[in-house]
Amino acid sequence: MKKRGMCMLLAALLLLGCWLPALAAGGDEPLWQQWGYASKADFCQRAMADYFDEPLTEEEYERAEALYAENLVEARQVLEEAWRREGYADQQAYLTDYGYSSEEAYIREYAAYLTREQLYWERADRIQAEERRQQRAALGMTWDGANVQVNGTYLRFNGAYPEYSGGNLMVPLGPLAAGLGTVAGTTGAGGVSLRYGARTAAFVMGQCGFTAVASDGSRWPAQMPVAPYQKNGDIYVPVRALGEALGLTVLYDGLYDCAVLVDEQKLIDQIDARFTILNDLPDMVQAIDPAKTYRTELSGALKVTEFDTIDGDRTYPVSGKMTIVHQGVSMHCDMVLDITSLVELMQEAVGQWYGEEDRAEWEQLEAALRALRTIDCELIIDQDADVIYFKSAALVQLLQAMELELPLGPLDGTHTWFMIPDAGVGNMEMPESIDWLQGQSTVGEALYSRVFAYAGWSRGYEACLLCPQLEQMAAGLEALVGDKQFTQSGQTATVEFDLAKLDAEKAEQIREELDLSELRGKLSIDRGAKRITGNLRVRQSWGLGSTDQLLQAAFTLTPAHVDLTAEYHAKNSGKVEIRLVGDTAETTEVLPAAPPAGDVIIDLSTL
């Protein structure tokens, strides 16, 4: 009896062992038949039609068979966990609620879903990997692993390739030195030094600590995250630590697996060598000597026109004058601005919001607006005392009209000054020339700042594209106003530029970068007379649903004179016309350090 029982048990186990693989495989039928397709070809054509445009390959069909067999087992486990997790009394109640006729129907449907998802992501990963491989090749990367770019050029490796150690990218020293245009030296006892420009990094094999030497000869200790080591005769160094010690900006591009080393000044100098004429412009304009006193008189007019095809166009003129006497940061400024037409427009527009019940409130607001018809301001800045004084009759009238309860006492617009002590002007320095590039003094600096500002907040994402983008922008600008585009006649250099006449590829790059549909103009620089004249026409067109914008300008600049005329048009909406004339000359006038004696001074810091 015991033998018979043992034999029955072994037979049951054998049957169970045969049954489980059969269930996992979903039966003996081919996969296309189990999924209800007419043929294998029909399956490959239609099974993933919601995911791909192209049919499945033979390899993908075989992969689907293997995945489906695995997913049948996983689907059974998911079902068992699902009905218990959701608190059903039994499995059948769960299946009924979710519309499944049987356990087998659930398992087959869920397994098919998992298989389709896995096939999709596996093909997507292959496509992305191939695209990335092609992109890396197009960028000029020299091998399939981690690459290193120095100033836009990829290092070339011969037998020894970059690798990671402790999460740090280690680079063969020989190719790195060659990419930097230098060679590594030895100092004995395992010592190695690498010099780039005026900087040197000296380290010892197997040690994380090393010495960095600056251009002025000063030394300081530094630390590498991983000690340099030798492998098959090649020295490997952590690229970030060594690059930064040599004064380079180091970024890591995780998308393309690439370390990017940038010599900022070298790139800027290379660009500036192509724009020497433009870079001379700041010196052509008024040079400011902080020790001398200058008087500048400016007058301007602005006219806003609102287009109206029914009631007729409406025009709102604004005019103003300003006189500035300045020495360094200290100055005495008088300004008068007539904005009567704009105030009348505001009165008309805002007045419609008030009814009879709001009459008192409207009268107060109207009085405040009337006070702003002519805006006047007199300003005194004393840099030595770090204090600012200002007065304005319009401001006093506005405060009086608003009937604000301020602890100021009686105000007189003619003899009442407001004072701001500790104004922060004491340590300010006046720029020696007009800052025409918004913080950068050369074309190279301006372009570099624009491109590499992106790397600051993106943490290096697509950093390997930055140097090519910088060169692309420089090439596009050079095609318009680079040194080669100027014609020389005596001491006068002239360039005429027109986006429509550029090479099609460069023109498209500029259009995309600046959102321009039209850009043309002329610039003439007379070095002898120190006079700059020019005109400009710029148009932006953003397509359907947006308003085209046009800017036209003409100008003349000399060290003592500026004359600017400009028009801004918003298509079918209106235009703004501007005229600005100014003259600057040295003067013997003495700057006041404070308001006249007897005038009232209100210290704003005490309020």
Apply side chain to side chain contact (heavy atoms under 4.5 Å, CB included) to M335 and list each qualifying residue two or more places apart in sequence or on a separate chain.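 Listed in chain order: M322, I375, C377.
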Set of side chain to side chain contact (heavy atoms under 4.5 Å, CB included) partners for E496, sequence neighbours left out: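 Applying side chain to side chain contact (heavy atoms under 4.5 Å, CB included) to E496 gives K522.
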Salt bridge (Lys or Arg N to Asp or Glu O under 4.0 Å) partners of [X], counting only residues at least two apart:
X    : answer
E363 : R359
D563 : R579
R373 : E344

Rounded to the nearest 0.5 Å, what separation is found between the [atom1] atom of [X] and the [atom2] atom of [Y]?
X    : Y    : atom1 : atom2 : answer
D269 : R274 : CG    : CZ    : 12.5 Å
F390 : I380 : CZ    : CD1   : 12.0 Å
K391 : T416 : NZ    : OG1   : 9.0 Å
D334 : K321 : CG    : NZ    : 12.5 Å
L466 : F452 : CG    : CZ    : 4.5 Å
L379 : I324 : CG    : CD1   : 9.0 Å

Determine yes or no for a side-chain-to-main-chain donor-acceptor pair under 3.5 angstrom, with [X] supplying the side chain and [Y] the backbone.
X    : Y    : value
N279 : F275 : yes
S517 : R539 : yes
Q327 : A291 : yes
D272 : G444 : yes
H561 : G582 : yes
S392 : D376 : yes
R240 : V250 : yes
T442 : E445 : yes
S524 : T533 : no
D308 : D313 : no

Any chance the side chains of [X] and [Y] put a donor and an acceptor closer than 3.5 Å?
X    : Y    : answer
T200 : R195 : yes
N151 : D263 : no
H332 : E589 : no
Q549 : Y568 : yes
D548 : S541 : yes
D483 : T276 : yes

Closest approach of [X] to [Y] (non-hydrogen atoms, all atoms of both residues):
X    : Y    : answer
L369 : M346 : CD2-CE, 3.8 Å
Y316 : E306 : OH-OE1, 3.6 Å
L372 : V343 : O-CG2, 3.8 Å
A368 : L398 : CB-CD1, 3.5 Å
T315 : T305 : OG1-OG1, 3.7 Å
A507 : L499 : CB-O, 3.6 Å

Pairwise side-chain contact, [X] with [Y], heavy-atom cut-off 4.5 Å (strictly under):
X    : Y    : answer
C467 : V262 : yes
L470 : I271 : yes
E518 : R520 : yes
V148 : L261 : yes
T374 : V336 : yes
L550 : V538 : no

So W417 and Y389, would you call those rings parallel, tilted or perpendicular, with 30° and 60° as cut-offs?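 Perpendicular, since the angle between the ring planes exceeds 60°.
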Side chain to side chain contact (heavy atoms under 4.5 Å, CB included) assessment of L194 paired with L246: CA-CA 8 Å; L194 185 66; L246 294 174; 3.8 Å; yes
Lys/Arg-Asp/Glu bridge criterion (N-O < 4.0 Å) met for [X], [Y]:
X    : Y    : value
K575 : E567 : no
E348 : R314 : yes
K266 : E264 : no

Can you tell me which residue among I277, L278, T494 is in a side chain to side chain contact (heavy atoms under 4.5 Å, CB included) with L523?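 Of the listed residues I277, L278, T494, the side chain to side chain contact (heavy atoms under 4.5 Å, CB included) partner of L523 is L278.
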Between L180 and V150, does the side chain to side chain contact (heavy atoms under 4.5 Å, CB included) criterion hold? Intermediate values first, please. CA-CA 7 Å; L180 293 172; V150 178; 3.7 Å; yes
Exceeds 12 heavy-atom contacts within 6.0 angstrom, atom CZ of R531: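 Counting neighbours around CZ of R531, 12 or fewer heavy atoms of other residues, nucleotides or ligands fall under 6.0 Å, so no.
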What do the steps show when you test F210 against M224 for side chain to side chain contact (heavy atoms under 4.5 Å, CB included), and what is the final call? CA-CA 7 Å; F210 71 104; M224 295 184 184; 3.5 Å; yes
Just list the side-chain donor-acceptor pairs under 3.5 Å for residues 297-304, sequence neighbours left out, or say none.
| residue | atom | partner | partner atom | Å |
| --- | --- | --- | --- | --- |
| E297 | OE2 | R295 | NE | 3.0 |
| E297 | OE2 | R295 | NH2 | 3.4 |

Determine, stepwise, if the pair V600 / H415 fulfils side chain to side chain contact (heavy atoms under 4.5 Å, CB included). CA-CA 6 Å; V600 177; H415 300 288; 5.7 Å; no
